[in-house]
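Just so you know, residue 1 is the first one in the sequence shown, and it goes up from there.
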Amino acid sequence: MEGGTKMSVMTMVQAINNAMDIKLAEDDNVVIYGEDVGYEGGVFRVTEGLQQKYGENRVFDSPLAESAIVGTAVGMAIAGLRPVVELQFDGFTYPAFNQIVSHAARMHNRTRGKFKTPMVIRFPYGGGINALEHHSESPEATYGHIPGLKVVIPSTPHDAKGLLISAIESDDTIIFMEPKRIYRAIKQEVSNEKFSIPIGKAKVVTPGTDITVVAYGAMIREVQKAMVMAKEAGISVELIDLRTIYPIDRETIAQSIQKTGRVLTVAESPTSFGVGAEITAIANEEAFLYLEAPPKRVNGFDTIIPLAKGEHFYMQTPEKIFYEIERTVRF
């Protein structure tokens, strides 16, 4: 118990499931569907038990057709429902790109506010599980660049629950990207009650004085491991969990950089034209006179992520992150 609230130890899978359970019970307009989402409970069992509890009209399987999944969700949202759709993997979102960009993201503007598309598009993303091609993509910058979309990435079970509840309640189209690498790797006490976390607000995970490190998703855990090495080297790291790719929290990032004078971004997506580049722009626009060193990025290479046997060459490691932290601080 914490403050009178009952807590349970949850993985990210369990926290996301709990968030959907709460909203299904609370709002009859919430429907959940996607490939194998109903009977099987999803490829990662994130929706397990929800169809049995709420019935096939509320939680159901769809054809293996991503464009149709998102397209029907657009129609449902316009008609007053709040669909939460699951696309099975990150690389399988691209067949739905036309529906996401041409319709879901634009409907509110197209109709001058007459219609909204309150819908959540969930999918597991990122590498680290030795998967096949199209199963380890990190397209957050792609979707973050599209006007009309909001892009959310949790890094802990607690945040996953609070952010998903906010996403389902939002009147916007939310791209909700779940770092599959840590679906079950992290356990945390999470309230069993309903709570929400504001979309668009970053979190200062650990205060520090020497360098700001901005990360999100599975990379938070890798940065925290690198911070142990940094502490042994006498370096104080301020870690920011972005939580939301768009809208990005410029204020929190800028205030931190103004304090530390240095910034490093860590992500597993390709380097060019990514979130790290946007944070570099924020550093230059909001904190240029405070900078003691050039902003740096730790990213994947500008290549397609290798298949299982070569994936470890692409992924970020605590050692690689610490190397860049130390190099930036010693600049």
Side-chain angles (χ1 to χ4, degrees), residues 16-17 19-38 42 46-47 50-51 54-88 90 92-125 139-140 142-153 160-178 194 196-200 244-247:
I16 293 170
N17 181 285
M20 290 187 284
D21 189 359
I22 287 171
K23 289 307 300 176
L24 282 164
E26 182 182 82
D27 187 350
D28 290 340
N29 289 320
V30 174
V31 294
I32 294 171
Y33 66 100
E35 300 162 1
D36 297 323
V37 163
V46 182
T47 55
L50 295 179
Q51 185 181 83
Y54 295 99
E56 295 182 6
N57 289 331
R58 302 284 307 283
V59 183
F60 51 91
D61 294 323
S62 72
L64 302 182
E66 290 80 11
S67 183
I69 292 170
V70 175
T72 53
V74 171
M76 289 181 185
I78 291 172
L81 296 178
R82 289 186 177 269
V84 180
V85 299
E86 178 181 313
L87 304 182
Q88 206 164 76
D90 33 52
F92 300 158
T93 66
Y94 303 130
F97 199 71
N98 175 47
Q99 294 293 338
I100 294 171
V101 175
S102 298
H103 302 296
R106 293 173 176 263
M107 191 59 63
H108 193 230
N109 181 72
R110 178 182 297 152
T111 63
R112 296 300 184 264
K114 183 177 180 181
F115 295 124
K116 298 177 181 179
T117 51
M119 53 188 281
V120 180
I121 302 169
R122 295 180 40 249
F123 57 88
Y125 93 100
E140 61 269 21
T142 301
Y143 291 111
H145 187 67
I146 305 300
L149 299 179
K150 291 182 178 178
V151 182
V152 177
I153 301 179
K161 177 176 177 177
L163 288 167
L164 183 55
I165 288 173
S166 291
I168 296 172
E169 293 180 345
S170 172
D171 286 337
D172 298 308
T173 297
I174 311 292
I175 305 294
F176 197 88
M177 299 173 60
E178 301 164 7
K194 177 184 175 182
S196 59
I197 294 173
I199 290 173
T244 306
I245 303 303
Y246 187 85

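In this structure the side chain of V84 never reaches within 4.5 angstrom of the side chain of F176, judged on heavy atoms. Side-chain contact between Y33 and V85 is present, with at least one heavy-atom pair separated by less than 4.5 Å. Put simply, the side chain of D90 does not reach to within 4.5 Å of the side chain of M177, judged on heavy atoms. Looking at V70 and H103, their side chains never come closer than 4.5 Å, going by heavy atoms from C-beta outward.
Partners of Y246 under the ring pair (Phe, Tyr, Trp, His ring centres under 6.0 Å) rule, at least two apart in sequence or in another chain, do not exist in this structure. E86 meets the salt bridge (charged side-chain N to carboxylate O under 4.0 Å, His left out) test with R122; sequence neighbours excluded. In this view, F115 satisfies the ring pair (Phe, Tyr, Trp, His ring centres under 6.0 Å) rule with no residue, not counting sequence neighbours. Scored by the side chain to side chain donor-acceptor pair (under 3.5 Å) test, T117 finds T173 as partners (sequence neighbours excluded). For E56, the salt bridge (charged side-chain N to carboxylate O under 4.0 Å, His left out) test picks out no residue, with sequence neighbours left out. Applying the salt bridge (charged side-chain N to carboxylate O under 4.0 Å, His left out) criterion to E66, with sequence neighbours excluded, gives no partner residue. Y54 meets the ring pair (Phe, Tyr, Trp, His ring centres under 6.0 Å) test with no other residue; sequence neighbours excluded. For E169, the side chain to side chain donor-acceptor pair (under 3.5 Å) partners two or more places apart in sequence, or in a different chain, are K23, K194. With sequence neighbours excluded, no residue forms a ring pair (Phe, Tyr, Trp, His ring centres under 6.0 Å) with Y94. Under the salt bridge (charged side-chain N to carboxylate O under 4.0 Å, His left out) criterion, E35 pairs with no residue at all, not counting sequence neighbours.
Between atom CG of residue L87 and atom CG of residue L64 there is a gap of 11.5 Å, rounded to the nearest 0.5 Å. Distance check: L163 CG to I168 CD1 gives 11.5 Å after rounding to the nearest 0.5 Å. Note that the CD1 atom of I78 and the NE2 atom of H108 stand 11.5 Å from one another [nearest 0.5 Å]. Put simply, CD1 on I100 and CD1 on I121 are 4.0 Å apart, with the number rounded to the nearest 0.5 Å. Here I153 contributes atom CD1 and E140 contributes atom CD; the two are 4.5 Å apart, rounded to the nearest 0.5 Å.
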Show, in sequence, the C-alpha distance, side-chain angles and deciding distance for I175 and F123, and conclude whether the side chain to side chain contact (heavy atoms under 4.5 Å, CB included) test is met.
CA-CA 8 Å; I175 305 294; F123 57 88; 3.5 Å; yes
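No side-chain N or O of T93 forms a donor-acceptor pair with one of Y125 less than 3.5 Å apart.
Sequence neighbours left out, not one pair with a member in residues 69-88 passes ring-ring contact (aromatic ring centres under 6.0 Å, His included). Within the structure, salt bridge (charged side-chain N to carboxylate O under 4.0 Å, His left out) pairs that include any residue of residues 92-118 comprise K116-D171 (at least two apart or interchain).
Judged purely by atom type and a 3.5 angstrom limit, S166 uses its side chain to pair as donor or acceptor with the backbone of I197. When atom types are taken as modelled, the side chain of T72 and the backbone of I69 share a donor-acceptor pair closer than 3.5 angstrom. When atom types are taken as modelled, the side chain of D61 and the backbone of G38 share a donor-acceptor pair closer than 3.5 angstrom.
Pairing each heavy atom of S170 with each of R82, the nearest pair is O-NH1, 2.8 Å. Shortest non-hydrogen contact noted between V30 and L24 is O-CD2, 3.5 Å.
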